[in-house]
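Shown next, in structure tokens, is the structure this report addresses.
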Amino acid sequence: MTYSSPVHIEIVDAIALIAIDNPPVNATSHAVRQGLFDAIEKITAQSEIKAVAIYGMGRTFIAGADIREFGKPLLPPSLPDICLSIENLNKPVVAVLHGTALGGGLEVALSAHARVALPGTKLGLPEVNLGILPGAGGTQRTPRLIGIPAALDMVTTGRHVPAEEALELGLIDRIQGGDPRDVALSMATAALKGDLPTRSTANLTVVPNDAAIKDTAETLKAKKPHLFSPHKCVEAIAAASTLPFADGLKRERELFLECMESPQRTGLMHAFFAERAVADIPEKTAQARPIEALGVIGGGQMGSGIATAALIAGLPVTLVERDTASLEKGKASIEKNLAAAVKRGKLSPEKHDEILGHALTCTTNRQNLSESDLIIEAVFEDMEVKKEIFRALDGIAKDGAVLATNTSYLDINEIAAVTKRPADVIGLHFFSPAHVMRLLEVVVPDKTAPQVVATGFALAKKMRKIAVRAGVCDGFIGNRILSHYKKVADYLVLDGATPQQVDQALVEFGLAMGPFAVSDLAGLEIGWATRKRQAATRPSEERYVAIADRICEREWYGRKTGQGFYVYPESGKPYANPEVDVIIQEERQKAGVTPREFSNDEIVARFTTAMISEALRVLEEGIALRPIDIDATFLFGYGFPRFRGGPMHYANTVGVPNLIQSIETWSIEDAHFWKVPDLLSQLNKDSADIASLN
Ligand code: CAA
């Protein structure tokens, strides 16, 4: 019997096989929910059916809620009702899992009477990452199966649990290899014969563990002070140990609705969506060129990080440096990165040995790049040096090779113009440390071929990075906006705040680090070099804050030299640099500034408004495709708080009229810096919001 729905029923003797067929990941869309509900109802009425198995067609079991339905009203039947109807079915139901069983998908499986996973399956309840909690019985059934501590771990971290661990925990009952449909048939048969024990999860008792609940609650309070839903997850699991099943479900629903109403939920769902939306580029239908071997020029921090990322992604790398000493340094740095990846569980010891044995070639001879499909230049930021490299590459690289620069500011059109193949030249701007940070800005100069852009995106996917398409300008999307909001941080300090107050206010807002701590980490000489480069074209009416220059003149470049805005002792915590305080006083005097107090709210407002203003100009100029691309850039490259959804999503919550009002107020004191972007005025005129530009 087959329905024209994404849920099919196949009857084999006394067994009903329910197949979910909703590519690509069998998400629980409305049609799937309706199909499941109808299937259960139908099977309930058929007395000749004695056992049931549910499985997924294609690459995976159900990978959770359908992201295409996020933010829309949920149509019945609801997932909690479907789970109850599965659990209450008058015949044994086995869930057969493969690929990923996530979120609502795992909740469906938990309501079955036994769970069997194919080898390699991953199981998880990632709802917390979306600002919600498992709301279809997940918080009540999970602790019944695996106990309170393991349930707390799964639900508050959202991590993917491998099948072997799930078996050990008791989340599943068996691991069985084979085709999902065949396993479904054999396991339903086993359940019918009593060879696979079945029981209703709701009937299991929870062993109370108040200490684990208290511990987790305290840890979360300390580690995730900004977040709402992890705390609600703990409350829901606590309810499982104090309330009967039906009341526990009610409590779960109440807490779920609280999460749904939290602004963090919209921010986190937007961030989740952004991660995927950025792949929608004008070149998405272009055929990416095959990349089987990568070349990297420059073995410094960036080059070695990029090489590490490529090696971990399974790509052989040829690393080129200008002399043996630099080459050795680059190689050592890659080895260190790889060892750290093993330690973090990102790379198996076997793969690590294989990489060092076969995949990495280190050389001082550029000619060895002649077989590379894609070559990334990652030497220091000097236009002439980069031009020399690209001229040379033009003579060395094979036809069709992609020639990429990792520049973070320079004009890639100018670099492309020194080659006879500008269509093959692109910017691939990685973020440091390149083997850890998820963002990759794919910077597209005027003459780049669509296939080359698609290749940049394909490389990012292979490296499990998030690629954002950017146009050419000084700093592209991220660093261009950063240069602007960094100025406001400097103005705040010149006008009366301390660097520590600015950092603290922004960390409280949710940024991973404040701007001065970031500068110290990146190296103060980087910004210094940029400011020197821009000096000749800096408008005379722009306020210039020389505090960081004064620090650099002392050869204090931040963390790497032991001091910058902060002092970094060998042991113990960094502290405010007292000498910087003196520099600040001197610079205030020179500028004739009488210091005044700023509240933390005003610091955050000025900082984020500067960020938003420049972001709108980046949009106006077509450097970023959509506001959501800017959100992704800042979420995955600059530590913007995920729960705020990114700067543009946040701007939307502030509102166009409020932004204009703030800018106009501050423009009284500095009309050059605080200008209302044309796009913002236009939105105001049209009574439209920033999200409408997506
Ligand atoms: N809904 C709809 N489409 C989805 C989807 C979802 N939940 N998850 C992934 N997709 C789509 C992707 O957009 C992508 O589409 P395109 O091929 O058109 O680009 C395709 O599926 C493949 O995705 P990936 O490239 O990410 O594939 P992968 O193999 O690397 O990873 C995955 C697969 C592990 C399932 C990963 O996509 C993933 O983690 N997805 C999100 C899972 C999730 O968090 N689900 C929501 C849980 S919360 C929940 O379920 C709550 C509730 O019920 C109310």
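Index from 1, following the sequence.
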Rounded to the nearest 0.5 Å, the CG atom of Leu130 sits from the CZ atom of Phe643 at a distance of 15.5 Å
Quick one: is the NZ or CZ of Arg276 closer than 6.0 Å to the six-membered ring centre of Phe272, and within 45° of its axis? yes
Is there a side chain to side chain contact (heavy atoms under 4.5 Å, CB included) between Val32 and Ser29? Walk through the geometry before answering. CA-CA 5 Å; Val32 167; Ser29 62; 3.5 Å; yes
Heavy-atom donor-acceptor pair, Asp81 side chain to Pro77 backbone, under 3.5 Å: no
Could you check whether any side-chain heavy atom of Val25 comes within less than 4.5 Å of a side-chain heavy atom of Thr100, counting everything from C-beta outward? no
Could you grab the distance from atom CD1 of Ile312 to atom NZ of Lys351, nearest 0.5 Å is fine? 7.5 Å
Shortest non-hydrogen contact from Asp689 to Ser692? O-OG, 2.5 Å
Does any non-hydrogen side-chain atom of Pro134 lie less than 4.5 Å from one of Thr142? no
Student check: side-chain heavy atoms of Thr156 and Asp153 closer than 4.5 Å: no
Electrostatic pair Lys232:Glu252 at N-O distance under 4.0 angstrom: no
Glu275 and salt bridge (charged side-chain N to carboxylate O under 4.0 Å, His left out): which partner among Lys461, Lys465, Arg438? Arg438
Between Phe509 and Tyr650, how do the two ring planes meet: parallel, tilted or perpendicular, split at 30° and 60°? perpendicular
Should we count CD of Glu254 as having more than 12 external heavy atoms under 6.0 Å? yes
Considering non-hydrogen atoms only, spot the tightest contact between Leu75 and Arg33 and give its length. O-NH2, 2.7 Å
Could you check whether His8 and Asp21, counting side-chain N and O atoms only, form a donor-acceptor pair closer than 3.5 Å? yes
For the atom pair CD (Glu127) and CG (Leu268), what is the distance rounded to the nearest 0.5 Å? 12.5 Å
Would you check if Arg141 and Phe245 make a side-chain contact, meaning some heavy-atom pair closer than 4.5 Å? yes
At their closest point, which heavy atom of Phe640 faces which heavy atom of Gly646, and how far apart are they? CE2-C, 3.3 Å
Within-4.5 Å side-chain heavy-atom neighbours: Ile86 and Ile40: yes
What is the minimum heavy-atom distance between Phe634 and Met611, and which atoms define it? CD2-CE, 3.8 Å
Could you check Tyr638 against Phe431 for ring pair (Phe, Tyr, Trp, His ring centres under 6.0 Å), going step by step and ending with a plain yes or no? CA-CA 9 Å; Tyr638 294 81; Phe431 287 72; 5.4 Å; yes
Would you say Lys91 has more than 12 foreign heavy atoms packed within less than 6.0 Å of its NZ? yes
Quick one: NE2 on His270 to NE2 on His649, what's the gap to the nearest 0.5 Å? 6.0 Å
Any salt bridge linking Lys50 with Asp13? Criterion: basic side-chain nitrogen under 4.0 Å from a carboxylate oxygen. no
Do the charged groups of Arg469 and Glu441 touch, with an N to O distance under 4.0 Å? no
Please answer whether the main-chain N or O of Leu97 pairs with a side-chain N or O of Thr121 as donor and acceptor at a distance below 3.5 Å. yes
Smallest separation among heavy atoms of Val94 and Ala191, with atom names: CG2-CB, 3.8 Å
Side chain to side chain contact (heavy atoms under 4.5 Å, CB included) between Leu440 and Val468, worked out: CA-CA 6 Å; Leu440 175 66; Val468 173; over 6 Å; no
Do the charged groups of Arg181 and Asp179 touch, with an N to O distance under 4.0 Å? no
Between Arg174 and Met187, is there a side-chain heavy-atom distance shorter than 4.5 Å? yes
Testing the basics here: between Ile612 and Ala651, what is the closest heavy-atom pair and its distance to 0.1 Å? CD1-CB, 3.6 Å
Glu87 CD to Asn203 CG distance, which is reported to the nearest 0.5 Å: 7.5 Å
Using only atom types and a distance under 3.5 Å, with no angle test, would you say the side chain of His98 pairs donor to acceptor with the backbone of Thr60? yes
What distance separates Asp280 CG from Ile628 CD1, expressed to the nearest 0.5 Å? 10.0 Å
Would Met269 and Ile132 count as a side chain to side chain contact (heavy atoms under 4.5 Å, CB included) here? Give the steps. CA-CA 9 Å; Met269 285 194 179; Ile132 53 175; 4.1 Å; yes
Any heavy-atom pair between the side chains of Leu152 and Ile213 that's under 4.5 Å? yes
Measure the shortest side-chain to side-chain distance between Thr157 and Val128 over non-hydrogen atoms and say whether it is less than 4.5 angstrom. no
For the side chain of Glu258 and the backbone of Ser229, is there at least one donor-acceptor N/O pair under 3.5 Å apart? no
Neighbour count above 12 (heavy atom, 6.0 Å) for Phe256 CZ: yes
Stepwise side chain to side chain contact (heavy atoms under 4.5 Å, CB included) check, Thr28 with Asp66: CA-CA 6 Å; Thr28 55; Asp66 196 323; 5.7 Å; no
What do you reckon, is CZ of Phe37 surrounded by more than 12 foreign heavy atoms closer than 6.0 Å? no
Would a distance-only check, ignoring hydrogens and angles, find a side-chain to backbone donor-acceptor pair under 3.5 Å from Glu69 to His30? yes
Would you say NZ of Lys462 has more than 12 non-hydrogen atoms from neighbouring residues, nucleotides or ligands within 6.0 angstrom? no
Is atom CD of Glu165 surrounded by more than 12 heavy atoms (other residues, nucleotides or ligands) closer than 6.0 Å? yes
